[in-house]
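Single-structure report; data block below.
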Amino acid sequence: KVYRATTTAPVNIAVVKYWGKRDAKLNLPTNSSLSVTLAQSDLRTLTTATCSAVYAGQGDSLLLNGEASDVSGARTQACFRALRERRAALEAADSSLPKLASLPLRIVTENNFPTAAGLASSAAGFAALVRAIADLYELPDTPSQLSLIARQGSGSACRSVFGGYVAWRMGEKADGSDSLAEQVAPASAWPEMRAVVLVVSAAKKGVSSTSGMQQTVATSGLFQERIRTVVPDNMAKMEAAIAAQDFAAFAEVTMRDSNSFHATCADTYPPIFYMNDVSRAAVRAVESINAKAGRTVAAYTFDAGPNAVVYYLEKDADVVLGTFSSILGAGVDGWKGSAAPSTAQAA
Ligand code: DP6
C-alpha cells in the first residue's frame with residue numbers, strides 16, 4: 001500500500017520584517033514579524049508526500065521542480081524528525097495504526113511561479129512540506145503547532161502555514177515552543193488588498209537571508225534599536241491598521257519597516273545592499289503615485305533582493321498599475337501578476 005497526501009502552501013510577503021535570529025539552530029527570531037499571504041492562484045507551492053513499505057530500506061527523497069534535491073540538510077532533517085516523532089507517538093498509543101514513521105519519505109514539490117520572481121520560495125516550500133507530511137501522518141496538530149515545525153525549515157515558512165494576515169510571535173522560551181505563527185485576520189477581513197511583484201532583476205541574490213541576518217545581528221548597532229523599539233512599535237501599529245482596514249496606516253508602516261530593515265543592512269559591517277538603482281526608482285515611483293493621487297494608494301516593500309512588492313487596494317488598481325508601468329516601463333524586466341490575499345489556508 002502506498003500512503004499519499006497532497007497540499008499547497010502560499011507565498012507570504014512580510015510587512016514587518018523578520019531579520020535576525022537569537023537561536024540559529026531552532027530558527028528563533030530576535031523580533032516578531034507580520035505578513036500578508038498572497039493568492040495561491042498566482043503563487044504557491046504544491047507538495048505531495050508519499051510513503052510505502054515498498055520503498056523500505058531506501059533513503060528519503062525530494063524532487064523539487066522535477067530535479068532531485070538534497071534532503072540531508074539540517075533544516076529539512078529537523079522537519080522530518082519532528083513530524084516522525086509525532087507520528088511515532090500516535091503509533092505507540094494505537095497499535096492498529098500503520099507503521100509509517102519508520103518508512104522512507106518521498107516528497108515531490110513544485111512552484112507555480114518562476115524563481116526569477118525572486119520570491120522567498122523557501123517559505124511556501126517548507127510550509128507545504130510540513131503540511132503534506134502532517135496530512136500523510138494524520139497528525140492532530142493545529143496550524144500554529146505545525147508552524148513551530150515549519151519555522152525550523154525556514155523562519156518565514158511558519159507564516160505560510162496560514163492564509164490572510166499572519167503574525168509570527170517571537171516568543172521568549174529557549175526551546176522555541178512559543179515562537180509560532182497565528183492568524184491576525186483572515187483574508188476576508190480585508191479582501192480588497194492586492195500585491196504586485198515588480199521584477200527588477202531575475203539574478204539570484206548575493207547574500208542569503210540566513211547569512212545576511214547573522215552578519216547584521218553581529219555587527220549593526222542600528223539593529224539593536226530596530227529590535228528594541230522600532231519593530232514592537234510597527235507590530236502594534238500594523239495590527240491596528242489591519243483591524244481598522246486603514247490603508248494609509250498599513251502603507252506607512254510597511255514602507256517604514258522595509259526602509260528600517262534595509263538601513264540595518266547598510267549598517268552591517270561590511271554593508272549588505274539588497275536594493276539597487278531600479279529598486280530605488282520603484283520607491284520614488286510609489287512616492288510620486290501617492291503624491292499625484294493626493295492620498296496613499298500604494299506601499300512598497302523589499303526583502304533580501306532588489307524586487308519590489310507593491311501593496312494597493314483593488315479600487316486603486318488602475319492608478320497604481322497604470323502609473324507604475326508608465327514611469328518604470330523601460331527599467332524593469334516584467335511583472336508577476338497581481339495577487340489578492342489567499343483564503344485557502346485560512347484556519
Ligand atoms: C527579508 O525566512 O528566508 O524575507 O529563517 O534563515 O530561512 P531563514 O530566513 P528567511 O528570511 C526571510 C527574511 C525576509 C523578511 C521576512 O520574510 O520576514
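Every number for a ligand or one of its atoms is a count from 1 in the order of the listing. Worth saying up front: this structure is predicted, and the values here are computed from it rather than measured.
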Would [X] and [Y] count as having a side-chain donor-acceptor pair, cut-off 3.5 Å?
X      : Y      : result
Ser260 : Lys17  : no
Tyr18  : Lys21  : yes
Arg159 : Ser35  : yes
Gln214 : Thr210 : no
Asn276 : Ser279 : yes

Heavy atom of Phe261 under 4.0 Å from ligand 1? yes
Is the shortest distance from a heavy atom of Arg151 to ligand 1 less than 4.0 Å?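 Contact absent.
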Could you tell me whether [X] and ligand 1 have an N or O pair separated by under 3.5 Å?
X      : answer
Lys17  : no
Ala304 : no
Arg159 : yes

With rounding to the nearest 0.5 Å, note down the distance linking CG in Asn290 to OG1 in Thr296.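 Here the rounded value is 5.0 Å.
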In this structure, CZ of Arg226 is separated from OG1 of Thr264 (nearest 0.5 Å) by 6.0 Å
One residue to check: [X]. Relative to ligand 1, which of side chain, backbone, both or neither has a non-hydrogen atom less than 4.0 Å away?
X      : value
Thr210 : both
Ala14  : side chain
Gln152 : neither
Ser209 : side chain

So if I count the atoms of ligand 1 from 1 in the order they appear, which ones are less than 4.0 Å from some heavy atom of [X]?
X      : answer
Lys21  : 5 (O), 6 (O), 8 (P)
Met213 : 9 (O), 11 (O)
Arg75  : 6 (O), 7 (O), 8 (P)
Asn27  : 5 (O)

Could you tell me how the ring of Tyr274 sits relative to the ring of Phe261: parallel (under 30°), tilted (30 to 60°) or perpendicular (over 60°)?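 Tilted: the ring planes of Tyr274 and Phe261 meet at 30° to 60°.
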Considering only heavy atoms from C-beta outward, does the side chain of Leu105 approach that of Tyr55 to under 4.5 Å? no
